[in-house]
Amino acid sequence: MGHALNTVLQDILSRWKRMSGYKVLWLPGTDHAGIATQNVVEKQLASEGLDRHKLGRDVFIKRVWKWKAEYGGKIIHQLKRLGASCDWSKERFTLDEGLSKAVREVFVRLYEEGFIYRDNRLINWCPRCNTALSDLEVEYEELEGKLTYIKYPLTPLTPPLLRGGEKGGYITVATTRPETILGDTAVAVNPEDSRYQKFIGKTANLPLTDRTILIISDHAVDPSFGTGAVKVTPAHDFNDEAIAKKQNPPLEFITVIGSDGRMTVNAGNRYKGLDRYECRKLVIKDLKELNLIEKEELYKYAVGHCYRCKTITEPLSTPQWYVNVQSFAKDAIRAVKEERINIIPKTWENTYFAWMEDIKDWCISRQIWWGHRIPVWYCQKMLNAKCKMQNGVIVSRVAPQICPYCESEELIQDEDVLDTWFSSALWPFSTLGWPDNTDDLKIFYPTSVLVTGFDIIFFWVARMIMMGLKFMGDVPFRDVYIHALIRDLKGHKMSKSKGNVVDPLIMIDRYGTDAFRFTLAAFAAQGRDIKFSEERVEGYRHFVNKLWNAARFIMMNIKAESENRRIGESENSPFHRVSVPPCPIRDGTPYWPSDLASKWILSRLAAIADDINRALEEYRFNDAASSIYQFIWHEFCDWYLEMTKSELQDPKSEIGVRWCLLYTLDTSLRLLHPFMPFVTEEIWQTIPHVKSHLPETEEVRPPTQPSPSRGEGKGGGGNSELRPQIGNESGIKESIMVSDYPKSLPRDYQAEEDMSYIIEAVMGIRTIRGELNISPSFKLKVMIKTFTQMAEKILKGNMQYLKNLAKAGEIKIGMNIEKPECSATSVKSSMEIYVPLKGVLNIAAEVDRLKKEEAKVDVSIVSLNKKLFNEDFLQRAPREIVDKEKAKYEELIIIKRRIMESIKMLKDVEVRNDS
RNA sequence: AGGCGCGUAGCUCAGUGGGAGAGCGCUUCCUUGACACGGAAGAGGUCAGGGGUUCGAUACCCCUCGUGCCUACCA
């Protein structure tokens, strides 16, 4: 699900920018996921009774490639099913030759410049994967364990004397890992701790061994924890390692646990070969028998686990390769501080800075086989002390044939491979051909945006920034958009072991890619995790259906040449590549939709296009998604399509309305396309295409020139220029995904305002109907009265609409333009509904009239402004705010309470038809 | 232990220093030639709690409670 979200967001950006005229590169690919992949293949081998050592390195790697061929393909298949519009010709894999070349180049240069070095120190080790892990690859998890208090007898007391339990004869330490006492080389106390002053410098007998250890002091010891005395095991604990190295001379390192998680010979004959946890049990049993355990307490503590196989990790002292990243980190911090890179949402910058400022050297070697083998060779003779090579290694871009020091041909390559993230860190430039200075590199580096989850800010993002700055001298990307993590409905992270994983492909099978994509986009609010809900997907599937049906309605009404074709039959549809002129022409004159509804929907369309562009600019995917959803469903379908049903009856407005229907559909499809690529393409391929721009005003455009490409035999008929024209007019593109993204369309604020009154009036009527239970099939007489000049103006502007209503038999209309009043009376009913749009009503007089006459309803649009009854507000709020509120109030004359009274009044009046 | 975030309608979540929103669910009504995967009208919230700033706080500040995550060398 995380990958699906990631893919969808990137695809939305890619499609949007591509349609907006940018040259877009979205480069797909995968990394080789060293440890994880090796583990999977090893499991397969195990089920066949094999292991990698039996196969040998070369055969094993072939086997992994085979696996990769199968599953790498699945990833790509999933991307395609999600509709990812990647440049598939540029697909890359971190183990490709080109990328491997970049890896070797980077390694050698970092080594030559002294940033890469080899060191023997404590490292996190996974005993199951048998490899070193970087600090990031260890996950800490709280475990319920025991804190065991163990008594170390002070020398010169000897074990036989101890059985008496003399007081003061011990120093007691607390530990969660009793088995490690076999590797203890000291006991440490805080130098300020008065209890232990007298012990410092003395020695103690290490139980279960014949060794004597020193009691030392170190400020790192917390006197308040446990007994205030700590056993020091330098070879198996990071703290203890630090303490040991500080001592002069440094404490001895005794390794008692081996790389396989079993006790070594150093643990003594009784314990060697035992698993570390078996050994723990035995050690506790033995100590109990010696009466050296003071007590055991239940204790919660964090234990490191391998992030790939969940085995408990073990600190182990081994030689590994490291990158000194201190100076890179400083540059990387500066790049973000100076806003050459923007992390969005900005709150993640803190996380980034915190980690970067306290960054540790990066352990890059892994003791596995699947990955980039470290480009380091050793001379066999040197190992036998017969070669004079000083630093002991040959670091080279290509495999050396002979030792440069002794000319021996017996060279051995380092067995280890590099951390997968080492190659991933180079991705932004290695995939574009670096170290060669290719055209792609020149055009596309630095890239525009990286979209990713926060869980790999450190693993990947930070390292790409460091490597990009180091090797390209520029940031790898301008924006980093950090999207949310997808959780299940209870807010838990999805994981296979919890069984709460939702498979995107199942969602796609069930609801379709478009609905699934739209859901992800709608969920992608910044700065919050996503709790995935399947019902949302279902809801957006309904949206796809709604759009489909709206398109069907429009196709039914554009009166193209063949009425029998339905949308969805795009293959041989006569509508395929049909085009209509940018504006319908009649007798050489452009015929723009002049009805209010059309002007309104065009303006709303323009507003929504602006909203979407702005939202995407700021990575507010959810806002963009809800804008287009709201527009298509609740403005275009609920209002405009319904209104056209009467407008289409009017020969005067018919042509303009048809054009407007098609234009709005076309534009909406293009707006929606980045979110729902499949259904929008399908519909768009079916409908006649419309040019994307509108004229600023009533500008007269030249009549369309007849051209040879136009009217492929289908354009006949006297009035044909009024109809959608068949043909492949120039400028019409082949696919919606390369059509123009709608932008900067003209607004008509007057139409929007006027229409809002109509909508309010209609809603008022519906409310009355609903509350009075008037059957929808019962046609009402409607009387519309206006009381102000503004209302008059509105009605004048909407005469066309009202006339159409009248024509449809719904109302009779009468209007006196001279006086600010008009009325419309329905055909059948005697009921009248007043719709006062503006102005002051004499309520009392109205009520009297209501009583005398037949049923009438006073519909109100306004609510009371409470603020204007607040003395404090009137006296103390800033003048302009108060004035604004007053002005608002003056506009809003009719009060909600009055409506309700009127309605109550109505209920007392005799109303026909069960009301 | 530090840090970050969240707590708004039954559920999943937007949002804003001045009129509490969406989707789903729920109630009522409606199969009229795009759509019942639909249309119309509704019910439902002291915006976690307390204090402060302000003429005014769901929003800004502080505290408490609940909850999720990240980081860290707690034996």
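Only this structure's heavy atoms are used, side chains among them; waters, hydrogens and symmetry mates stay out. To find a chain, count down the sequence lines: A is the first, B the second, and so on, and within it residues start at 1.
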It should be established whether [X] places a side-chain nitrogen or oxygen under 4.0 Å from OP1 or OP2 of nucleotide [N].
X	N	result
His634(A)	G21(B)	no
Lys645(A)	G33(B)	no
Tyr540(A)	C24(B)	no
Trp633(A)	G39(B)	yes
His542(A)	G38(B)	yes

Calculate, to the nearest 0.5 Å, the distance between atoms [atom1] and [atom2] belonging to [X] and [Y] respectively.
X	Y	atom1	atom2	value
Tyr481(A)	Phe621(A)	OH	CZ	5.5 Å
Lys546(A)	Phe636(A)	NZ	CZ	11.5 Å
Thr452(A)	Ile457(A)	OG1	CD1	8.0 Å

Exercise for review: Using the six-membered ring wherever Trp is involved, compare the ring planes of Tyr301(A) and Tyr299(A) and label them parallel, tilted or perpendicular (cut-offs 30° and 60°).
Suggested key: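 Tyr301(A) and Tyr299(A): parallel rings.
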
Touch class at under 4.0 angstrom, heavy-atom based, for [X] against every strand present:
X	answer
Ala174(A)	base
Val173(A)	nothing
Thr176(A)	sugar-phosphate
Asp638(A)	sugar-phosphate
Phe636(A)	nothing
Asn350(A)	nothing
Ala550(A)	base

Length of the line joining [X]:[atom1] and [N]:[atom2], which is rounded to integer Å:
X	N	atom1	atom2	value
Tyr629(A)	U12(B)	OH	C1'	14 Å
Phe523(A)	C13(B)	CZ	P	7 Å
Ile482(A)	C4(B)	CD1	P	17 Å

**Study point:** Bracket string, RNA chain B, 5' to 3' - pairs by Watson-Crick or G-U geometry under 3.5 Å, | interstrand
**Key:** (((((((..((((....[..)))).(((((.......))))).....(((((..]....))))))))))))....

Practice item. Spell out yes or no: do the side chain of Glu642(A) and the base of A34(B) have one donor N/O and one acceptor N/O closer than 3.5 Å? Key: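 Between A34(B) and Glu642(A), which were checked side chain against base, a qualifying N/O pair under 3.5 Å is present.
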
Exercise for review: Could you work out which one of U71(B), G23(B), C74(B) sits closest to the side chain of Phe225(A)?
Suggested key: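 Looking only at heavy atoms from C-beta outward on Phe225(A), the closest nucleotide is C74(B).
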
Exercise for review: For Asn190(A) and Tyr196(A), test the side chains for any donor-to-acceptor distance below 3.5 angstrom and give the result as yes or no.
Suggested key: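 No donor-acceptor contact under 3.5 Å links the two side chains.
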
Check your understanding: Between Glu297(A) and Tyr149(A), do the side chains contain an N or O donor and an N or O acceptor separated by less than 3.5 Å?
Key ->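 Yes, because at least one side-chain N or O of Glu297(A) sits under 3.5 Å from a partner of the opposite role on Tyr149(A).
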
**Study point:** Phe238(A): partners by ring pair (Phe, Tyr, Trp, His ring centres under 6.0 Å), with sequence neighbours left out
**Key:**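 Per chain and number, Phe238(A) pairs via ring pair (Phe, Tyr, Trp, His ring centres under 6.0 Å) with no residue.
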
Review point. Expressed in whole Å, how much space separates the C1' atoms belonging to A34(B) and G42(B)?
Key: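 My reading of the C1' atoms in A34(B) and G42(B) gives 26 Å.
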
